[in-house]
2 protein chains.
Amino acid sequence: MYDRVVVILTRKEFLGLLNERIHYLDGAYGTEFFRSGFKGVIEILNIENKEMVYSLQKAYVEAGVDFLLTNTFSANRLKLETLKVNYDLRDINYNAVKIAKMAAANKNVYILGDISSTGHFIKPFGEISFNEAYDVFKEQSEILLNAGVDGFIIETISDLKELKAAILAIRDLDDDIPIIAHMTFNKNGVSVTGTSVEIFVTLLNDLDVDVIGTNCTLAPEELVPVFKKISEYSKKPVSVEPNAGKPRLQRDGSVIYKVSRERFAICMEDFIEMGSNIIGGCCGTSPDHIKFMIEFLGKVKSKKRNILLKEFVSSRTKIKSTEPFLIIGEKINASGKKNFQRKIREKNTEKIVELAITQEQEGAHVLDVNLGIEKLLESSHFTTVINELDKVSSLPLSLDIQQYEFMEEALKEYVGRPIINSSTCKTEQLDKAIYLLKRYGGILILLTMKDKIPKTAKERAEIAKNAIKYLEKNGINKERVFVDPLVLPIGAKKDPYVTIEAINILSRSGINTSIGLSNLSFGMPNREALNSAFLALCINEGLSAAILNTSERSTMNVIFGSLMLKGIEITEKKKFFENPI
Amino acid sequence: MYDRVVVILTRKEFLGLLNERIHYLDGAYGTEFFRSGFKGVIEILNIENKEMVYSLQKAYVEAGVDFLLTNTFSANRLKLETLKVNYDLRDINYNAVKIAKMAAANKNVYILGDISSTGHFIKPFGEISFNEAYDVFKEQSEILLNAGVDGFIIETISDLKELKAAILAIRDLDDDIPIIAHMTFNKNGVSVTGTSVEIFVTLLNDLDVDVIGTNCTLAPEELVPVFKKISEYSKKPVSVEPNAGKPRLQRDGSVIYKVSRERFAICMEDFIEMGSNIIGGCCGTSPDHIKFMIEFLGKVKSKKRNILLKEFVSSRTKIKSTEPFLIIGEKINASGKKNFQRKIREKNTEKIVELAITQEQEGAHVLDVNLGIEKLLESSHFTTVINELDKVSSLPLSLDIQQYEFMEEALKEYVGRPIINSSTCKTEQLDKAIYLLKRYGGILILLTMKDKIPKTAKERAEIAKNAIKYLEKNGINKERVFVDPLVLPIGAKKDPYVTIEAINILSRSGINTSIGLSNLSFGMPNREALNSAFLALCINEGLSAAILNTSERSTMNVIFGSLMLKGIEITEKKKFFENPI
Ligand SMILES: [Zn+2]
Ligand SMILES: [Zn+2]
Ligand SMILES: [Zn+2]
């Protein structure tokens, strides 16, 4: 673990700066070095030609930037190996910080350690594991931190999973270092790995970073629609670094970028309009671009943004608002099913994938995953299932996992904003949930119980309200919590009306609720009839989500109808009834 | 119209007598005359051998009977024609009363005009019309009344429609003459026309008769289970006249009945236990049987009965408790359907019959019948539909008829206890409804409106409560009323919660409610979803019935589930989900 000797910039101070005015990042490094004739891996310059790096950075400092990036874009072990760089990783990164510091000397300029992709996809798309990527980022970040960076910028990353590994690596080293996290998107607002801007931002809102942004690939005009969504969805300050247009190969083999400094500066005004807090340039932008832009735009105060207050769940590729109602498919549940359990132990995920596809067709928004028999499993069983579902672009998951260690491994592996299912209201469990929610993001299902289930609705609501107070005190907003007021089998205990009353009390307090619907009819004949009738009453009282059997057409119909009664139009209404099994 | 000159026995006085103690009827006539060697139509004796009739009746009077029947069992025009009797109908009936009066002279014995079948089935099973049968009974009854009978007994009738014609005929002549109405059943408690004891009694509870009973066909032991149901279901005094066992043909061609007077008397104790108010003997019973029985049993007070308080709807062959929930199929409705209307005008009932069968398979309890386009129809269109449905043993009907005249013709023709759909709360409409309900029986759907639909739930409930008070004051118990608090299309007026609140208020006052469910989703997409969700809320508030689309599996499921939630077991649950279309 890195120990910061001199605290230069705390996260609070950093956010304080952004609150004062727009801050500027520098421009391109690679394209600038190439323009001046250099060919090769630019991080080598940190050792072979420090002067060249220093000159460019000095130019950026003189252009008026507030943040100078270290020349360490590719300076992680894996990437350097691919690039066949034999210099010591430590030297490259250490020198980069030192050069930047020199360039920034006596100016009010902060140094951001620049981190980007390892160049390898993480499993299931690539060969390296999440933990390997994490270690690679940690190794590089630790050097940068020790060398004295003021913060980090993670940029030009197109895989949300890799971004998550980088964020966790840095944050595990230092919980008070500012982090700017960027992802790179195609024109359609989707990354090459299928992750949309919305998925990226709604997860990053949870993760422990300070600024959310995007850079590279697109010219300013092309980046506008992408950044517009970041601006809408981000609950944190936002940043942007467009390219200076697409690179064009000239006859002599050199590359030029088509956007002039004037055009670049004018275009950048749009981002200021959208409330950007940090602005810089990516490939093709020169100190000239940056200087002109800063002079043109000025160090003005950032505009206020209208931030969307909705909550979302997501997988790598799919995102769903939790409103007006979240349908969580219950079928991936091996509890009590011998054959299913055997397949899971053998890491045969065929059935799970099949159930994922079926439930999506039936109209599920989220898939609950409960592997049962946890005592007989290892964490690799969970990560396998998560990766296999990720491969088929599954819906967002509700990770229905009992053991804390398995839950954490699953959350590490998971790409998107999941549901963490579940925690009781016991303080020790809440503490663990808080840790997981802060670290990995997601929404929590909170059971209205400690060791025992309270009998009355008032007691259940009360216990949940207190737990939510505790969560809010610890930085988890109540919007991230869905309270499950517990449905018991009607055969055993006839208290369905207790659950309904609890939903009523909680809803009136603006608290989201979710139930495990099918529990009601456990062991009863015609479960669909009972489930659908009960669900109508629950939704009428304000229920926000349910884990249920999406094959029950009546139940699905009742969801649609109950919301219609409340005057809520369902845009996905077709899903509710056009895909009955 | 007959004018009673001397009022001998009012209905109130008659019921007063029954309240004091058990009363006795006489025994057989035919079998007694045959035993003494007579062969032929026994009513001819009223003209050819008055002495023979007088002697038998005198013997019954001496045996201690309270009621002596006139020797007029077959003395209606149609039956006498069949029997090729040429004597004047008037003489036969008039003499019968005079002979009986002579036999009863100076004794405290009342004379009951004896009425039985015309020997012809009424349409649709036979050739004569309801009105023809009615006229035949009216003709005979008027003579008997003019001759001075104290009351009537209608007996040995196996067709409920014929019984209804006889009752209406007598009651239309005199609204204060006591009527005892009997039907005859097979051992299984079902008449040869398919009407069960329960169907018979639950309609007779409504019709304007004073005593409900059964006679003939079965020996006392066999009649016990049949009479047990009469005793349970009848809200009026009950009577019974068993045979003296089955007739056996002897070698000489004469017939004997196997139950001895001792055995008969002992068996009759069972009927006293079951609370019979009137007891007598049918075929095979002699003055000796009756005398021994009266001496053995004594003129004791009748036992109290436990009367079932449930309400039922029925067709000729099918009966359904209105509890816990009445599913009324909506599909026989020609409103707005050109093709359907054309077929109805052509009296082509194919489609109606098909819809009746389908809806029954889908789990309907009752079929709503709305022919639409009433301005283009005659009453024969309504009677045709009712008879065609009767032919296929349809479910009970909800007669959804606008014009009062058509409603009355339909009610005349209908066999069973229907739903009269509907009346508003306007006094003039209520008066008409009261007339129909008293005369033909049935359950009323009462709309919570006069000229306009009140906007609030409280107003709707209030208007209905006042109407029910008025109905009760006029002899229609609130159990016979289902209040419809009016469901409006959600598209037009978004007041579904007004309806739900009205159901709540009415239910808490112990008032039955019914809605036209599909009206809610008129013109909306996915009507099933909306209907099912809304119905769950309504049943939760206590809704007792709904006119709905039984093809909507979600809606049917929700009914079952909603009742299950309330802890109500549905015995017919299979119907709810095993017959989806
Ligand atoms: Zn770039
Ligand atoms: Zn008989
Ligand atoms: Zn008889």
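The analysis underlying the following values was restricted to heavy atoms, covering all of them including side chains, and did not include hydrogens, waters or symmetry mates. Per chain, numbering begins at 1; letters A, B, ... match sequence-line order.
Note that CG of B:N526 and CE of A:M556 are 11.0 Å apart. Values are rounded to the nearest 0.5 Å. A distance of 13.5 Å separates CZ in B:R527 from CG in A:N557, rounded to the nearest 0.5 Å.
At a threshold of 4.5 Å between non-hydrogen side-chain atoms, the residues A:R553 and B:R553 do not count as touching.
The number of heavy atoms from other shown groups lying within 6.0 Å of NZ (A:K337) is above 12.
Judged as a side-chain hydrogen bond (donor to acceptor under 3.5 Å, both in side chains), and not counting sequence neighbours, the contacts of B:R480 are B:D206.
The contact list for residues 528-548 of chain B toward chain A, using heavy atoms and a distance under 4.5 Å, reads B:E528, B:A529, B:L530, B:S532, B:A533, B:F534, B:A536, B:L537, B:N540 by residue number.
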